[in-house]
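Each chain gets a letter, A, B and so on, in the order the sequences are listed, and its residues count up from 1.
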Amino acid sequence: MVEFLFRENNIEQYLDDPDAKLMLKFKEEEDPSAFEELMRKNFSRIMNFIYRFVADRELAEDLTQEVFIKIYNSASNYYPRSKFKTWAFTIARNISLNELRKNKGQVVSLDKPFKHGEDDMSLQVEDKTVSKPDDEIIKEELVDAVGKAINELPANQRTAILLIRYEGFSYEEIARTMNTTVSAVKSLLSRARETLKEKLADIVSG
Amino acid sequence: MDCKRLKSQIYEYLDNELQEADMQQFSEHLGACAECQKAYEAIKRTWDALEVLPNVEPTPNYMSRFWAEVATRQNVVDRARARLSQMFLTWKLVPVYVSLCLAISVFAIRNYMQFEQSRQILAEMSQEEIEMVEYIELAENYELIDEIEFFEDFEIIQNLDDLSVTQS
Ligand SMILES: [Zn+2]
């Protein structure tokens, strides 16, 4: 706790974060190449997070663009009060949640596999001329099952799982991103894992 | 470390959240206990299975799309701002018209209804003027300018008042 307070008070602690430095460079020098570098480093990562959150590739790209427009618009008042990544993922999470609220019941269709857009795997499956080896079919079933299981998690559990599993965030970083406590994060994760274990039990066995 | 303790730490182990001392005890026990190994493998299998989700890539022109979108929105904001300040000027003039109408109404006295109407317009007007100032503040906030509807509302109000003014 003391350490926590100390860190809160140390306002310069995030100045070494390379992405925070890029933000400051963009703010102070109005150098678009600094912002572009930020995008190159983070766009794909945030897009994948959103993609796993909303299960729609095209939508994920549009929402990721929104995330960066928000970041761009915040540049003039920017000061690193957290790691760039926790800040950016907080924005990504809020934008995704808003989108789901806006399209309640429309965006996420739980029976459908993840939508990949043009390179949709399910489109290739329908091509009867291509015969597929068994293990490839098994893999597709696994992808669908995992996607569906993650999608069915409540939004907070899903956020926590995505951040720990695919982004390698620490509990502390997840707590910051979700504006909650480490113990709340642990509880979200443990409930999510119980559910995933049950839902994937058949397909992952052996 | 006993089996119960190990089993309670499997996720923290996988998440790399164990303290170094715990981590070491965990590995030692795991290496020596078949039962815990089984429990660990079962959890790890599900955890590893999540790996299968495919990664997506942004479209190759995402960067230029981004800058184009920034430019478009900046343009909207600039126009909206210009529009608002223009409207504000118009609005500043409206009370003058209303006062004028009011004065004429009072002067003419013949039509009480007309006087009442003008008085009402004036009352509404000042309230809307307050809103006007609020709109400008909102406009400064980039977020809210997307919700362009209020411009349409504004036009209606403006037209209504033009009508009232010419009526009285
Ligand atoms: Zn054991």
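- Contact between L142(A) and A49(B) at its shortest, heavy atoms only, is CD1-CB, 4.4 Å.
- In this structure, the portions of E12(B) lying under 4.5 Å from any heavy atom of chain A include both its backbone and its side chain.
- In this structure, F35(A) has its ring center closer than 6.0 angstrom to the ring center of F66(B).
- Centroid-to-centroid, the aromatic rings of W67(B) and F68(A) stay 6.0 Å apart or farther.
- With sequence neighbours left out, the ring pair (Phe, Tyr, Trp, His ring centres under 6.0 Å) criterion links F89(A) to F49(A), F169(A).
- Ranked by non-hydrogen atom pairs under 4.5 Å with chain B, the options M39(A), K186(A), K197(A) are led by M39(A).
- Other residues, nucleotides and ligands contribute over 12 non-hydrogen atoms within 6.0 Å of the CG atom of N94(A).
- Heavy-atom minimum distance, Y51(A) versus V56(B): CE2-CG1, 3.6 Å.
- Residue L196(A) touches chain B through both its backbone and its side chain, counting heavy-atom pairs closer than 4.5 Å.
- The closest side-chain heavy-atom distance from P58(B) to T64(A) is not below 4.5 Å.
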Decide yes or no on side chain to side chain contact (heavy atoms under 4.5 Å, CB included) for L53(B) and N48(A), but give the supporting numbers first.
CA-CA 10 Å; L53(B) 280 196; N48(A) 273 289; over 6 Å; no
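- Options I203(A), L189(A), I164(A) differ in how many heavy-atom pairs under 4.5 Å they form with chain B, and the most are formed by I164(A).
- Under a cut-off of 6.0 angstrom, the local environment of CG in D134(A) is sparse, with at most 12 non-hydrogen atoms contributed by other residues, nucleotides or ligands.
- Checking N55(B) against R52(A) by side-chain atom types alone, a donor-acceptor pair falls below 3.5 Å.
- Partners of Q37(B) according to the side-chain contact (heavy atoms from CB on, under 4.5 Å) rule, which considers only residues two or more places apart in sequence or in another chain, are L30(B).
- Using a 4.5 Å cut-off between heavy atoms, E61(A) touches chain B through its side chain atoms alone.
- By the 6.0 Å contact criterion, CD on E28(A) is enclosed, its count of non-hydrogen atoms from other residues, nucleotides or ligands being greater than 12.
- With a 4.5 angstrom heavy-atom cutoff, Y171(A) touches chain B via backbone and side-chain atoms both.
- Heavy-atom pairs under 4.5 Å with chain A were tallied for T46(B), D15(B), V52(B), L14(B); the largest tally goes to D15(B).
- For K44(B), the NZ atom is loosely surrounded, since the number of other residues' heavy atoms within 6.0 Å does not exceed 12.
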* **side chain to side chain contact (heavy atoms under 4.5 Å, CB included) between L200(A) and L50(B), intermediate numbers included** => CA-CA 10 Å; L200(A) 300 174; L50(B) 300 188; 3.9 Å; yes
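- Using a 4.5 Å cut-off between heavy atoms, E57(B) touches chain A through backbone and side chain atoms alike.
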Pair K139(A), E51(B) - check salt bridge (Lys or Arg N to Asp or Glu O under 4.0 Å), show working. CA-CA 11 Å; K139(A) 198 194 164 194; E51(B) 192 82 62; over 6 Å; no
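- Atom CG of N98(A) has more than 12 neighbouring heavy atoms from other residues, nucleotides or ligands inside a 6.0 Å radius.
- Inter-residue side-chain proximity for R57(A) and T59(B) is flagged as met; some heavy-atom pair is nearer than 4.5 Å.
- Counting heavy atoms from C-beta on, the side chains of M63(B) and F43(A) never come closer than 4.5 Å.
- Ion pair K70(A)/E69(B) not flagged as a salt bridge, since none of the NZ, NE, NH1 or NH2 atoms sits closer than 4.0 Å to an Asp/Glu carboxylate oxygen.
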Determine whether Y62(B) and Q65(A) satisfy the following criterion, side chain to side chain contact (heavy atoms under 4.5 Å, CB included), listing intermediate values before the conclusion. CA-CA 8 Å; Y62(B) 77 96; Q65(A) 181 167 283; over 6 Å; no
